[in-house]
Colleague: 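Got a structure for you, written out below as structure tokens; questions coming shortly.
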Amino acid sequence: QVQLVESGGGLVQAGGSLRLSCAASGRTFSNYAMGWFRQAPGKEREFVAAISWSGGSTYYADSVKGRFTISRDNAKNTVYLQMRSLNPEDKATYYCAADPTIHSIVLPDYWGQGTQVTVSS
């Protein structure tokens, strides 16, 4: 089992920045690809970003490309999502996810409980 705990959400003005963190415990963190997803009220959960176990490969949804950056620190068992130039459409609950392979990160084995991000206009 892998336990994932997100933090860093909150209220920010449009144009502002936030950094989300996801702390992992349980199994060897560096064995897992990690991802971030989000779900806005009334909408389905959607992929935001993913990073391979080594950090050498990253992937982004078109809607966040150039604004969000995913990174990881395997020594700290933590994955981050740096979000810049936030706009009201980014308002959602953000979820961290883990999967043994980057190729199936869109259907991850493990989910965190989520952290709320609100962007005021």
Colleague: Run the numbers on V5 and Q3 for side-chain contact (heavy atoms from CB on, under 4.5 Å), then give the verdict.
Modeller: CA-CA 7 Å; V5 179; Q3 291 78 44; 5.6 Å; no

Colleague: For T78 and D73, test the side chains for any donor-to-acceptor distance below 3.5 angstrom and give the result as yes or no.
Modeller: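 No, no side-chain donor-acceptor contact under 3.5 Å.
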
Colleague: Does R38 make a cation-pi contact with Y95 (under 6.0 Å, within 45 degrees of the axis)?
Modeller: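 No, a cation-pi geometry is absent between R38 and Y95.
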
Colleague: Rounded to the nearest 0.5 Å, what separation is found between the CD1 atom of I102 and the OG1 atom of T58?
Modeller: 8.5 Å

Colleague: To the nearest 0.5 Å, what is the distance between CG on L86 and CG on L18?
Modeller: 6.0 Å

Colleague: About how many Å separate OG1 of T101 and CG of N31, when rounded to the nearest 0.5 Å?
Modeller: 12.0 Å

Colleague: Which donor-acceptor pairs under 3.5 Å do side chains of residues 108-120 form with protein atoms, sequence neighbours excluded?
Modeller:
{"unit_1": "T115", "atom_1": "OG1", "unit_2": "G9", "atom_2": "N", "d": "3.2"}
{"unit_1": "Q116", "atom_1": "OE1", "unit_2": "T93", "atom_2": "OG1", "d": "2.8"}
{"unit_1": "Q116", "atom_1": "NE2", "unit_2": "A92", "atom_2": "O", "d": "3.4"}

Colleague: Taking T28 for its side chain and S30 for its backbone only, find out whether a donor-acceptor pair lies under 3.5 Å.
Modeller: no

Colleague: At what distance, to the nearest 0.5 angstrom, does OH of Y32 lie from OG of S52?
Modeller: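 Output value for this atom pair is 15.5 Å.
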
Colleague: State which residues pass salt bridge (Lys or Arg N to Asp or Glu O under 4.0 Å) with R67; sequence neighbours excluded, sorted by chain then number.
Modeller: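 R67: salt bridge (Lys or Arg N to Asp or Glu O under 4.0 Å) contacts with D90.
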
Colleague: Do the non-hydrogen side-chain atoms of S17 and Q82 ever get within less than 4.5 Å of each other?
Modeller: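 Yes, side chains in contact.
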
Colleague: Evaluate V79 against W36 for side-chain contact (heavy atoms from CB on, under 4.5 Å), listing each step before the verdict.
Modeller: CA-CA 9 Å; V79 63; W36 286 97; 4.0 Å; yes

Colleague: Do Y60 and V48 share a hydrophobic cluster (ILVMFWY, side-chain heavy atoms under 4.5 Å, transitive)?
Modeller: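 In one cluster: yes.
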
Colleague: Is the cationic atom of R19 (NZ for Lys, CZ for Arg) positioned less than 6.0 Å from the six-membered ring centroid of Y80 and within 45 degrees of its normal?
Modeller: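 Here R19 passes the 6.0 Å and 45° test against Y80.
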
Colleague: What residues, two or more places apart in sequence or in another chain, satisfy salt bridge (Lys or Arg N to Asp or Glu O under 4.0 Å) together with K65?
Modeller: D62

Colleague: Before giving the answer on side-chain contact (heavy atoms from CB on, under 4.5 Å), spell out for C96 and M34 the whole-Å C-alpha distance, their side-chain angles and the decisive distance to 0.1 Å.
Modeller: CA-CA 7 Å; C96 176; M34 301 296 296; 3.5 Å; yes

Colleague: Working to the nearest 0.5 angstrom, can you tell me the gap between M83 CE and F68 CZ?
Modeller: 5.5 Å

Colleague: What about L20 and V12, same hydrophobic cluster or not, with Ile/Leu/Val/Met/Phe/Trp/Tyr joined at side-chain heavy-atom distances under 4.5 Å?
Modeller: yes

Colleague: Check for me whether R72 meets the cation-pi criterion with F29, that is, NZ or CZ under 6.0 Å from the six-membered ring centre and within 45 degrees of the ring axis.
Modeller: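 Output yes; distance and angle both within limits.
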
